[in-house]
There are 4 protein chains.
Amino acid sequence: MARPSRWDDVVRAAGKVFRRNGFAGSSLEQVAEEVGMWKGSLYNYISSKDDLLTAVIAIPAERLTAEAREIATGPGDPAERLREIVRCHVDVLVDNYDFVAVYLQEVAGRDIGAQWRAYDREYAALVEQVVREGIASGAVPSGRDPRLTTMTLLGALNWLTRWWDPAGDVGPDVVTAQIADIVLGSSAPVRTG
Amino acid sequence: MARPSRWDDVVRAAGKVFRRNGFAGSSLEQVAEEVGMWKGSLYNYISSKDDLLTAVIAIPAERLTAEAREIATGPGDPAERLREIVRCHVDVLVDNYDFVAVYLQEVAGRDIGAQWRAYDREYAALVEQVVREGIASGAVPSGRDPRLTTMTLLGALNWLTRWWDPAGDVGPDVVTAQIADIVLGSSAPVRTG
Amino acid sequence: MARPSRWDDVVRAAGKVFRRNGFAGSSLEQVAEEVGMWKGSLYNYISSKDDLLTAVIAIPAERLTAEAREIATGPGDPAERLREIVRCHVDVLVDNYDFVAVYLQEVAGRDIGAQWRAYDREYAALVEQVVREGIASGAVPSGRDPRLTTMTLLGALNWLTRWWDPAGDVGPDVVTAQIADIVLGSSAPVRTG
Amino acid sequence: MARPSRWDDVVRAAGKVFRRNGFAGSSLEQVAEEVGMWKGSLYNYISSKDDLLTAVIAIPAERLTAEAREIATGPGDPAERLREIVRCHVDVLVDNYDFVAVYLQEVAGRDIGAQWRAYDREYAALVEQVVREGIASGAVPSGRDPRLTTMTLLGALNWLTRWWDPAGDVGPDVVTAQIADIVLGSSAPVRTG
DNA sequence: GATGAATGAGCATTCATTCAT
DNA sequence: TATGAATGAATGCTCATTCAT
């Protein structure tokens with residue numbers, strides 16, 4: 001369907017509100033107020049509250065899986081591609097803080113709505129594939145369980161929304177570099193800037 | 001007030017239900033049904049729904065902070081103590097899967113109820129202290145940001161509830177050892193048992 | 001039924017609580033707490049909440065009607081007997097402040113529970129009878145409507161629980177004398193003692 | 001907020017229901033049914049049950065204090081102004097029987113909600129002021145306690161809702177005249193019409 | 001497209017009452 | 001007689017959703 005003009009505002013507002021109060025804890029009235037619209041008017045844009053969650057989540061989830069697909073199947077040595085994945089993950093996070101936070105809070109790894117789990121599974125599988133290549137190539141220390149390593153990486157990345165302020169002292173580059181270092185078992189000096 | 005006999009059942013049921021549906025998404029009727037009790041009867045044990053969340057959360061939070069306090073201030077070299085912290089974290093998780101999951105989902109790192117954030121902050125501070133000692137002693141690769149390293153570790157551990165089955169192929173010992181290895185930058189072979 | 005030992009305490013507590021919160025706004029738990037008893041234990045004394053209201057109300061209502069019956073049918077000129085009725089009314093009020101307040105608040109003149117209205121009707125009828133005699137004898141100014149005069153008197157008396165503190169500056173004697181004076185159209189000086 | 005169209009119906013229904021069952025004894029479902037609306041729809045008009053009580057009470061309370069303020073500070077000899085106050089009081093009662101009954105039942109002279117007691121106090125003070133002038137001018141028999149006289153008058157007036165039917169034999173004019181006569185100690189013949 | 005009143009199901013909480021101990 | 005857990009109905013209030021204007 002062709003989304004009318006204020007669609008973006010609606011989704012952005014939903015992201016903000018859902019992040020603050022959780023999906024179940026948010027009311028559409030709060031979303032409407034955030035957009036500057038009346039409750040009933042929201043239904044010119046959505047057909048249900050779940051619809052809104054889907055829209056919020058699709059934004060980072062689609063970008064993340066699309067880019068991961070490209071990186072995972074693309075050229076370059078495994079270590080480099082793993083770093084790219086981390087960089088991409090952090091970028092998406094920075095660009096869509098609210099949306100990512102909602103996605104992680106409400107959907108990722110939870111037994112909720114099969115339609116949303118698909119993103120989750122594909123993304124984790126793509127990352128795991130690169131991790132496996134890294135183990136095979138020696139870029140990741142041998143002996144590491146691939147899935148455990150993958151989920152450790154994702155855990156570290158996904159936890160960022162709980163504590164990290166992208167505008168704070170520790171910027172995106174440091175975060176990217178160090179998290180990649182940690183997983184790669186590298187003690188290379190941090191590159192800033 | 002002296003908590004009567006079925007108190008433990010009530011909290012256990014709440015943990016189960018809250019984990020499944022989220023706190024805001026759970027109804028006390030669901031909790032009551034899980035205990036095998038009528039909705040109104042719950043109020044012989046609690047005085048509000050929040051009360052129940054507090055009870056659920058206090059269990060792992062108190063144990064975790066208490067043990068971390070002991071480990072952080074105790075003897076042993078930093079690497080060893082960091083491993084102990086990881087082991088302890090995984091143990092608490094295994095023993096209280098539902099409660100920990102609820103804690104992480106509803107409270108950890110979220111702008112919710114100051115009374116609950118205190119646990120969070122203390123625990124992270126204790127872990128960070130040991131991480132700093134690890135960096136100072138060379139057990140953790142130099143150049144790592146202490147807070148970022150701490151949160152990477154906690155992220156990895158806290159993400160476990162989203163994907164890890166303690167009864168599955170990869171057992172608690174492997175998880176403990178590998179997550180510690182990753183953070184310590186160690187590529188030592190996994191020690192089991 | 002033979003009322004067990006703490007019956008009086010229970011009724012007294014009920015009067016206090018009902019006066020404070022209204023009957024519908026009071027819970028038996030509050031009453032129980034006021035007695036120093038557990039909620040369930042109340043049912044050793046009462047068989048329902050209404051039962052308690054009946055008990056509370058019966059105390060002043062029975063005394064009031066009994067004494068009014070005696071005064072109304074007794075000897076003495078109408079003016080004197082009207083004064084006696086006022087004095088008796090004020091006495092009952094002072095002796096049973098809570099109970100009277102509850103009676104007036106919950107029952108008097110309200111379309112509630114026929115069983116309680118009976119007291120009301122009889123008492124008003126007795127007072128009206130004396131008022132009529134007063135009009136006939138000239139003690140009450142002629143031209144006055146008997147029922148209106150009666151209800152004016154009762155209104156004045158019944159409103160006392162809303163503002164009058166028996167222990168305050170204006171004592172029971174002044175109140176008794178002046179209210180009687182007003183209704184009798186007398187401007188005689190206040191007799192105290 | 002601009003009160004929408006059925007606001008008046010809602011308040012009128014609330015007055016009716018509250019009068020019948022008392023505030024605490026009334027449910028919003030009863031009010032909704034009286035309006036011909038569903039329970040939840042009420043919340044398009046109010047934000048709480050208390051809100052509704054406030055609305056019901058404000059109607060007679062504001063009119064009463066406003067008119068009493070005018071009369072108390074206006075011209076005319078005290079006796080005349082006291083009669084005007086009585087007339088006004090009876091008029092307000094006749095025009096807003098339910099609302100006045102609720103006000104008297106739930107608020108007047110009760111230790112409830114400070115926001116409502118203010119009306120009460122101001123009104124009584126205004127009436128007392130005129131009573132004092134009446135005593136000073138000789139219109140009210142000397143020797144009368146001003147506050148007691150005021151409260152006797154108000155008690156008589158406020159008790160009307162408990163027994164008086166404005167459409168019955170004794171009409172508003174008779175009630176007005178006689179209650180004023182009684183307080184003024186006047187035995188002037190009743191003027192009807 | 002916007003409004004906002006209406007709906008009706010659902011929820012946390014209260015409370016009179018029962019009953020086994 | 002006292003206790004206090006259990007019951008189950010009721011209540012104030014919320015909220016996703018609908019719809020006439």
Participant: Give a yes/no answer on whether the side chain of D/Asn44 brings an N or O atom under 4.0 Å of OP1 or OP2 in E/dG4.
Facilitator: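 Indeed not, no polar side-chain atom of D/Asn44 lies that close.
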Participant: At under 4.0 Å between heavy atoms, how does the protein contact nucleotides 16-21 of chain E? Give one character per nucleotide, 5' to 3', with B, S or -.
Facilitator: BBB---
Participant: Can you name the residues that form a side-chain hydrogen bond (donor to acceptor under 3.5 Å, both in side chains) with D/Asn96, not counting sequence neighbours?
Facilitator: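 Per chain and number, D/Asn96 pairs via side-chain hydrogen bond (donor to acceptor under 3.5 Å, both in side chains) with no residue.
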Participant: Given atom CG of A/Asp9 and atom C1' of E/dG1, what is their separation to the nearest angstrom?
Facilitator: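 Taking atom C1' of E/dG1 as the reference, CG of A/Asp9 is at 14 Å.
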Participant: Output the rounded distance in Å from CH2 (C/Trp7) to C1' (F/dT1).
Facilitator: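 For the pair C/Trp7 CH2 and F/dT1 C1', the rounded distance is 16 Å.
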Participant: With a 4.5 Å cut-off on side-chain heavy atoms, are A/Val56 and A/Glu106 touching?
Facilitator: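 Side-chain contact under 4.5 Å: no.
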Participant: Taking only residues two or more places apart in sequence or in another chain, which ones pass salt bridge (Lys or Arg N to Asp or Glu O under 4.0 Å) with D/Asp50?
Facilitator: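 D/Asp50 satisfies salt bridge (Lys or Arg N to Asp or Glu O under 4.0 Å) with no residue once adjacent residues are dropped.
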Participant: Reading 5' to 3' and counting Watson-Crick or G-U wobble pairs with both distances under 3.5 Å, write the dot-bracket notation for DNA chain E, | for bases paired outside the strand.
Facilitator: .||||||||||||||||||||
Participant: Once you round it to whole Å, what is the distance between P of E/dG1 and CE of A/Met37?
Facilitator: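 My rounded result for the distance is 10 Å.
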Participant: Quick one: A/Glu33 CD to E/dT3 P, roughly how many Å, whole number?
Facilitator: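 The distance from CD of A/Glu33 to P of E/dT3 comes to 13 Å, rounded to the nearest Å.
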Participant: Could you pull out all residues at least two apart from C/Arg117 that satisfy salt bridge (Lys or Arg N to Asp or Glu O under 4.0 Å)?
Facilitator: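 Per chain and number, C/Arg117 pairs via salt bridge (Lys or Arg N to Asp or Glu O under 4.0 Å) with C/Asp111, C/Asp120.
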Participant: Identify each donor-acceptor pair in which a side-chain atom of residues 23-38 of chain D lies under 3.5 Å from a protein atom, sequence neighbours left out, and give them as a table.
Facilitator:
residue: D/Ser26; atom: OG; partner: D/Val17; partner atom: O; Å: 3.2
residue: D/Ser26; atom: OG; partner: D/Gly22; partner atom: O; Å: 2.5
residue: D/Ser27; atom: OG; partner: D/Glu29; partner atom: N; Å: 3.3
residue: D/Ser27; atom: OG; partner: D/Gln30; partner atom: N; Å: 3.1
residue: D/Gln30; atom: OE1; partner: D/Ser27; partner atom: N; Å: 2.8
residue: D/Glu34; atom: OE2; partner: D/Lys16; partner atom: NZ; Å: 3.2

Participant: In chain order, what residues pass the side chain to side chain contact (heavy atoms under 4.5 Å, CB included) check against A/Val107, with sequence neighbours excluded?
Facilitator: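 For A/Val107 the side chain to side chain contact (heavy atoms under 4.5 Å, CB included) partners, ignoring immediate neighbours, are A/Ile57, A/Tyr103, A/Trp116.
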Participant: Just jot down the ring pair (Phe, Tyr, Trp, His ring centres under 6.0 Å) partners of D/Tyr97, sequence neighbours excluded, or say none.
Facilitator: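 Here no residue qualifies.
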Participant: From C-beta outward on A/Tyr45, which listed nucleotide comes closest to its side chain: E/dA6, F/dT3, E/dA2?
Facilitator: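 Of the candidates, E/dA2 comes closest.
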Participant: Kindly write out the residues that satisfy ring pair (Phe, Tyr, Trp, His ring centres under 6.0 Å) with A/Tyr119, not counting sequence neighbours, or none if the list is empty.
Facilitator: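 If we apply the ring pair (Phe, Tyr, Trp, His ring centres under 6.0 Å) test to A/Tyr119, skipping adjacent residues, there are no hits.
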Participant: Is any side-chain heavy atom of B/Asn44 closer than 4.5 Å to one of B/Trp7?
Facilitator: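 No, every pair of side-chain atoms sits at 4.5 Å or beyond.
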Participant: Which sits closer to the 5' end of DNA chain F, C/Gly36 or B/Gly36, going by the nucleotide each is nearest to?
Facilitator: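 The 5'-side residue here is C/Gly36.
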Participant: Provide, to the nearest angstrom, the distance between the CG atom belonging to D/Leu42 and the P atom belonging to F/dT11.
Facilitator: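 My rounded result for the distance is 14 Å.
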Participant: Would you say B/Trp38 places a side-chain N or O within less than 4.0 Å of OP1 or OP2 belonging to F/dA6?
Facilitator: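 Answer no for this pair, as no side-chain N or O of B/Trp38 is under 4.0 Å from OP1 or OP2.
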